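Not measured: the values here are computed from a predicted model. By convention here, the first residue in the shown sequence is residue 1.
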Amino acid sequence: MRSKAKPRVTHQAPAPQAEYSALAALKRSRWLYALVSLLLVAPCYWQSHIQAGDLSSHIYNAWLAQSIEGGRILGLRIAAQSTNVLFDLMLYGLLNVVGPDWAQRISVSLAVLIFIWGAFAFARAVSGRVPWQILPCIAILAYGWVFRMGFFNFYLSMGLCLWALALLWEPSGRHIAAALPILAVAYLAHALPVAWVAGLAVYNGIARRFPANQRAYLFFGSIAAVVALRVAIAAKMQSVWSANQIVMTTGADQVWVFDSKYYAVMVALLFVWVVLFLNLTRGGAARQVFTGVPFQLCIVSAAAILILPNTILIPGYKHTLGFVAERMSLGVGICICALLAGAGARSFERGAIVAVAAVFFAFLYHDERAINALEDRMERMLAALPPGQRVISAIDDESLRINLAHVIDRACIGHCYSYANYEPSTAQFRVRADAPNPYVTPLYADSWLMQVGSYVVKDRDLPLYQVDLDASGQMVVKSLRAGEACGSTKWNVLGNLL
């Protein structure tokens, strides 16, 4: 007697839930990049002004350049130069079309998008996956110290160089041909990131020819080359090195933008990075990570920050190239993000990354609003002066990692002249001052003394006005006299948030 066969049961995977399908489709859509881009540039529009240090000086000097070419001011000139100029040209071109406010917002937005998506492309090339989990970390770095100092030629160059490095990660004739024009444009913005990326690209190209267990020779050879470069710079140029540069070797110092409350964000970001790194090395993968090119690029870049001088006087310039370590820590931070993009992140770790970013941007919003209140008051005070006066600012906050000396530059556009404007006297920018003139001091030493409140006013400077605070904290404009020191007023601009 034949037994009845049991009916065959087939197990089918449950149909994916609608929201998961929609999310997966969104991740594959190009519209996601557009939506995320709008979110990423929101900090460029959420206040009355973008508070980014030298940005005020850049837009002010774009206005000066416009006035020079229009023949409205004499005694200054526009110099032709091949680097440290691209962002200024963007501002100048847009200033004639949309005015100073929108010229800044458009130029900075473009720089931010070029930088963030360049870092994203580099992280994708290194990790072999779309690195959405690390994007909040990239956004934090994008709005970090380099951004807040307003080093936008350097920042724009770094963003372009990251695009080139993404192409050069898998070197081929076609990729090299595509990367070279990008590097040429990046050089027009700033030479330092181009030199850094060229070094990383050469290291990557050579390392690919070595077995993983023999890359130690290349690694230590690269460290030796950095030491040799340090010796050569010391022999040929004036330079300054500081032990404080060790703080910049992780890239997390980019988070410390204004005052001490950012230490908490910096520590939290480092903790998240350590957790992701441990995830990367689990399952016996530690040896593969340590002998891999991404990890070694992080270490070589960090070693360069520690070994090379932080301040260099390049022949032909009247002012040093400063903050080299602080600038290049941004590159180290992006290299670390690219390395960690390949790490598996659990849901609570992804949540922690988003939480750190949320706190960071909340701090930024509060602090920018406070500095904008200062600038708005300054604009109102300067508006009461007769047009065409020379002015300087005495207000400073020693608790900040950036200085407030350039706030007055932007407040002067179209109405007065920022006499301590540092760009023309350095010979590093388009606008130059080669001799005494009615608009700006021609000596950088005098500009610096005015910014820190130690300058003794001379007869040739008069009339000269200074924006200051009186004993009650009210903003005032006072007329300076020959023979008196301009002075400086210390003030807690941000207040006590915590």
Side-chain angles (χ1 to χ4, degrees), residues 27-28 30 32-33 36 113-135 137-138 141-142 156-187 189 192-219 221-222 225 251 276-277 279-281 285-304 328 330-345:
K27 286 185 175 180
R28 293 192 298 268
R30 294 181 180 179
L32 177 61
Y33 290 90
V36 173
L113 292 177
I114 288 171
F115 178 86
I116 290 179
W117 291 122
F120 190 84
F122 174 53
R124 182 172 185 170
V126 171
S127 64
R129 62 174 69 175
V130 184
W132 289 114
Q133 70 180 30
I134 210 69
L135 183 60
C137 295
I138 294 174
L141 296 174
L156 181 57
S157 177
M158 178 67 77
L160 290 167
C161 284
L162 291 171
W163 280 102
L165 192 57
L167 287 168
L168 295 172
W169 192 252
E170 296 287 346
S172 67
R174 185 179 65 177
H175 287 172
I176 293 172
L180 288 178
I182 297 175
L183 292 174
V185 176
Y187 179 83
L192 187 56
V194 176
W196 172 70
V197 162
L200 296 191
V202 169
Y203 188 102
N204 176 56
I206 297 175
R208 289 175 176 274
R209 301 174 181 272
F210 279 77
N213 58 357
Q214 295 182 14
R215 287 177 186 158
Y217 300 109
L218 177 62
F219 173 77
S222 299
L276 291 178
F277 184 76
N279 290 349
L280 196 65
T281 58
R287 181 180 179 84
Q288 182 180 354
V289 170
F290 293 139
T291 59
V293 175
F295 176 78
Q296 292 178 357
L297 292 185
C298 292
I299 301 302
V300 170
S301 296
M328 293 313 304
L330 180 59
V332 174
I334 295 301
C335 283
I336 290 174
C337 287
L339 171 68
L340 299 179

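Between the side chain of Ser127 and the backbone N or O of Gly342, no donor-acceptor pair lies under 3.5 Å. Not one N or O on the side chain of Arg124 forms a donor-acceptor pair closer than 3.5 Å with the backbone of Ala341. Asn279 contributes a side-chain N or O that, together with a main-chain N or O of Gly344, makes up a donor-acceptor pair within less than 3.5 Å. Gln133 places a side-chain N or O within 3.5 Å of a backbone atom of Ala343 that can act as its donor or acceptor partner.
The distance from the CG atom of Leu339 to the CD atom of Gln296 is 11.0 Å, given to the nearest 0.5 Å. Between Leu218 atom CG and Arg209 atom CZ the span is 12.0 Å, to the nearest 0.5 Å. Atom CZ of residue Phe122 and atom CG of residue Leu165 lie 4.5 Å apart, to the nearest 0.5 angstrom. Atom OG1 in Thr281 sits 11.0 Å away from atom CG in Leu276 (nearest 0.5 Å). Once rounded to the nearest 0.5 Å, the distance linking CD1 of Ile134 with SG of Cys337 reads 5.0 Å. With values rounded to the nearest 0.5 angstrom, Trp163 atom CH2 is found 14.0 Å from Leu183 atom CG.
The two atoms that bring Met158 and Phe115 nearest to each other are CG-CE1, 3.6 Å, heavy atoms only. The nearest pair of heavy atoms linking Ala186 to Cys161 is CB-SG, 3.7 Å. The two residues Ala178 and Leu167 make their nearest non-hydrogen contact at CB-CD1, 3.8 Å. Taking both residues in full, the closest heavy atoms of Leu330 and Leu141 are given as CD1-O, 3.6 Å, listed atom of the first, atom of the second, then distance. Looking at every heavy atom in both residues, Trp196 comes nearest to Cys335 through CZ2-SG, 3.7 Å. Closest non-hydrogen pair, Tyr187 versus Val194, comes out as N-CG2, 3.6 Å.
In this structure, Gln288 places its CD atom where only 12 or fewer heavy-atom neighbours from other residues, nucleotides or ligands lie under 6.0 Å away. At most 12 non-hydrogen atoms from other residues, nucleotides or ligands lie less than 6.0 angstrom from CZ of Arg287.
By the ring pair (Phe, Tyr, Trp, His ring centres under 6.0 Å) test, Trp117 is found to be paired with Tyr33, Phe120, residues two or more places apart in sequence or in another chain being considered.
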Intermediate values then yes/no, side chain to side chain contact (heavy atoms under 4.5 Å, CB included), Ile114 and Leu160: CA-CA 7 Å; Ile114 288 171; Leu160 290 167; 4.0 Å; yes
Side chain to side chain contact (heavy atoms under 4.5 Å, CB included) evaluation trace for Phe219 with Phe210: CA-CA 11 Å; Phe219 173 77; Phe210 279 77; over 6 Å; no
Trp169/Val293 under side chain to side chain contact (heavy atoms under 4.5 Å, CB included): CA gap, chis, key distance, verdict: CA-CA 10 Å; Trp169 192 252; Val293 175; 3.7 Å; yes
Stepwise side chain to side chain contact (heavy atoms under 4.5 Å, CB included) test for Leu200 and Ser301: CA-CA 8 Å; Leu200 296 191; Ser301 296; 3.6 Å; yes
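Taking 4.5 Å as the limit, every side-chain heavy atom of Ile116 sits out of range of all side-chain heavy atoms of Val36. Between Trp132 and Leu32 there is a side-chain heavy-atom pair separated by less than 4.5 Å.
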